[in-house]
Amino acid sequence: MTKWMPLALSGLALALLAMLVLARQGGGTDTAQAISPINQLSIDMQDAGNGAAGAGDRNGDTLPDSEGVSTSPPCLPDGNDDDGDTTPDDGCSGGPAVVGTPEFGLCGNATDDDKVDIDGSGTQEAGDVFDFTADDGCVTTLSAQETCIAIWDDGILNQDEDTIDRARIDITVGSQPGPGGGIPAGEFMTAFGWTLNWSSEVIDGLGGANAPSPWFLISSAGAASPFSNITNAPAVASPLSHAAADAGTTETGPGVLSRATIEGNAAGLATLTLSGVSVKDTANVDFPITTTADGTSVAVSKDGADADVVIGDSAGELFVCPAAADISVPTVTVTAGGAATVGVAFNVTVDATIGNSAASSVNVDVTVTLAPPADCTAAGGNTKLVGNHTATSGSSAIPQQTYSVTCSQPSAHAFSATVSAVIDDPSFIEGPSGNNSNPPSGANNSPQNTNVTAESNLSVESVAVSGPAGLAIAGQPFDVTATVTVGNAGPFGPADADVTSTLTLPGDCTTGDSNPQTVQNTPIPLSPPDTDVDVVWSVTCTNSSDHSFSADGTVAVDQLHVTDSTAGDDGPVASSATNIEVFKQADVAVTTVDVSAPGTQAINTAFDVTADVDLSNLSGVDPVDVDTTITLALPADCSTTDTNPVTIQNTSVSQAGSPVALAQQSWSVTCTQPSTHNISVGASAAIDMVHVSDSASANNSGTDAALTAITAKADVKVVSVTLTVPASVGANEAFDAKVDASLLNNGPFGPANAKATVTLNLPADCTSAPTGAQVAGGISLAVSTAKEMPQQKWSVTCTKSGSHSFSANVVLAIDHVHVSDTDAGNDSASSAVMAVAVGPTGLPPTGGSPLMGSDGEQSWLILIPLGLALAIGMGLLGQRYRNRLARR
């Protein structure tokens, strides 16, 4: 037998779902919604009563069509009376009204009435559809769930088999027995998938014609392409998987998802379970499933290795379905001590009875789980297992379970427990009642209370009084705080406590708060450290002066089941007296700051800066004494030998006399660098009276500034200019023209920044790159120290042969703010005129090879034929003779 690799459902079913949202038709909504749960998904070990699979393909799309559903295209309107009611195409879209049975049949009439007779011959021929199945694909009320079947692998149709050694089982949604449940009303299924697992390995999942069939609920309202039907059948070993997705009309309610066929292949008892279940709605979202009724079984019997063919005459041949035993937990009783102490262990016991509906004893495993309050722990954990308990018919008590419990918090503590029992006996399976855990309805499991108590030794260690973070102003409320320091010597902590304090106020002060005042339910942890509790009053005093405040404090436990072991140190404890200054207010403002300084001034020459300041008293105490500080702010190169800052003490400023002009302040200032100097003066005023504060400090200062241009003189000079060019070049051949210059600053100011503008004078047929003058900037010239200008260079090209004259000019200018030149006459100079012999294009001027001279410029060795040399010589001599005659 060929082995098939099982398909994992997570990849199998979900891979279909991308297709099914493409073309859902009618019958439901395609909008995302709050999804309701499927009440039950089951393995039904018998298919009896659950309906027949869709059989015939009435519209030729290769998909089986459910009886009673008009196909698409509907009915194949062909003019034939397929259902024999004398009216062709009745009930079809565009056809006559239904006569008797519509062409596509009716569900629930036990008649195969959805045949299609293509040519109307009345007999089955090629292309006709006769599925010979009444009510196929119709949804029927689900039968009661069968939880176990028997198969004898003996080649004979017997036991619970549907065909020889084989049985059909259904995977269903909905209540069993029906009606009811399944896909929730108003919501619709588009796809499903599941994986069937079994152990022991005594069955196969069949394939081919017996592979899992989806032609039930998902196609009952009409199937359409694309329709995906995927399985890993045959599955000769667990698991068997099946998934389907339908693009046709959506379905709701209960029914069969899949019908699979299993075959017995070895003796044994196998338990069948489901995993990886996925049922999708129209938004491609999984329905929640409330109950999965699996855990079903199949008993396979087979003749062994003995000499005969009788099943059951040797050990390991005969297996039967387990008997049903309804195991329940009728009563659970929790007993807890009436009183306990924090941190001290005490016992909580659990008693329970196990009910057994079977006529004989059943072996069960019992789990007892204690539910203690959050602050309590049970030694060894909250869960105990009573294994292999013999549940006698009727009722039996489990051994009492004892928990050693310790609680960390004082309170009335409620304890309860849950007890569950699971059959651990291969001869029995769980019955239908589902009461195998407690508390079921009416069980005796009322919570049992234990009062857990604790002691804390609270004490008041000290009390301190403090005033507001800011100023206390007469006539305005301000906070006074009594900090009560509380200790907790334990043993329990933290303990909730009430802290009470009484404030003692001066005669001109009142409070609108309770006095004494209590801070409720403050947790006081174990000391050290102690805990500070702040009690705050809002206080108003009428006079400005020093005010003396004091307070006392007490503490009291305020927590159920906690007591204070020593009451004598709970207070009252008095504080020391604390002085709080109470102020009246005035609003002093610097209303004017006016700074004067000369517009220009030479460097290193003293000049005066003056400042005039006005003060005003805008409100409050009248008059008020004011101290004013006036500060001169200078650039880095400036200084003064006068007092700076200057403070003017105790100026009396009245509201009626405001503004008050202060005496003018003057500073002698000297600056060493030429520039535009920003010279500012700031003034700040402060009230200088006991218990008087400023109500608006933002206007207590002001500033003003003056600009003074500090100037200097220098004499910059161009000492010399040098132009460097080659002695000769070829026409249209580029060569470099370099200009150097020596520069000097005769002072007196230095270093002074300067820039040099350099101009190259060219013959008419010559061009340069760059064109025009070049500027060398950022040249710093110290006094009496010659400095070379950065060399400027042009690439020059001349087009005509002959001797060419070149020269250069350099113009130097001071480029330093507020520095002037005392002698403009020496700011420029020119180079000597330099001659360049330009020869024919493409040749050296007189032929030959270039040689490098000692000055780095090129020289030429000229080789001339003898005849040509004599001709040139005679010509030159003749020209020289003519020149002499002309001079005479």
State whether the side chain of Asp365 and the backbone N or O of Asn388 hold a donor-acceptor pair below 3.5 Å, judged by distance alone. yes
Report yes if some heavy atom in the side chain of Pro322 is under 4.5 Å from a heavy atom in the side chain of Cys148; otherwise report no. yes
Pairing residues for Asp57 by the salt bridge (Lys or Arg N to Asp or Glu O under 4.0 Å) criterion, not counting sequence neighbours: none
Would you list the pairs meeting side chain to side chain donor-acceptor pair (under 3.5 Å) in which at least one residue belongs to residues 308-317, sequence neighbours left out? Asp306-Ser314
For residues 95-112, pull every pair meeting side chain to side chain donor-acceptor pair (under 3.5 Å), keeping only residues two or more places apart or in separate chains. Asn109-Asp113
Could you pull out all residues at least two apart from Asp82 that satisfy salt bridge (Lys or Arg N to Asp or Glu O under 4.0 Å)? none
Given Thr353 and Thr331, is the side chain to side chain donor-acceptor pair (under 3.5 Å) satisfied, shown in steps? CA-CA 5 Å; Thr353 58; Thr331 65; 2.6 Å; yes
Does a donor on one side chain sit under 3.5 Å from an acceptor on the other, for Asn39 and Ser175? yes
Once salt bridge (Lys or Arg N to Asp or Glu O under 4.0 Å) is applied, do any residues pair with Lys302, and if so which ones, sequence neighbours excluded? Asp153
For Thr87, the side-chain contact (heavy atoms from CB on, under 4.5 Å) test, sequence neighbours excluded, returns Asp85, Asp90, Pro96, Val99
Per the salt bridge (Lys or Arg N to Asp or Glu O under 4.0 Å) rule, what does the pair list look like for residues 35-51, sequence neighbours excluded? Asp47-Arg168, Asp47-Arg259
Could you list the residues that satisfy ring-ring contact (aromatic ring centres under 6.0 Å, His included) with Trp215, not counting sequence neighbours? Phe227
Please list all pairs meeting side chain to side chain donor-acceptor pair (under 3.5 Å) that have one or both residues in residues 137-151, counting only residues at least two apart or in different chains. Asn50-Ser143
Going by the disulfide bond (SG atoms under 2.5 Å apart) test, which pairs reach into residues 195-304, not counting sequence neighbours? none
For Arg58, salt bridge (Lys or Arg N to Asp or Glu O under 4.0 Å) partners two or more places apart: Asp114
With a 3.5 Å distance limit and no angle check, can you tell me whether Glu161 reaches the backbone of Ile151 through a side-chain donor-acceptor pair? no
Quick one, Leu318 and Trp152 - any side-chain contact, counting heavy atoms below 4.5 Å? yes
Strictly by side chain to side chain donor-acceptor pair (under 3.5 Å), give each pair with a member in residues 289-299 just once, sequence neighbours left out. none
Do Ile38 and Pro184 have side-chain heavy atoms sitting under 4.5 Å apart? yes
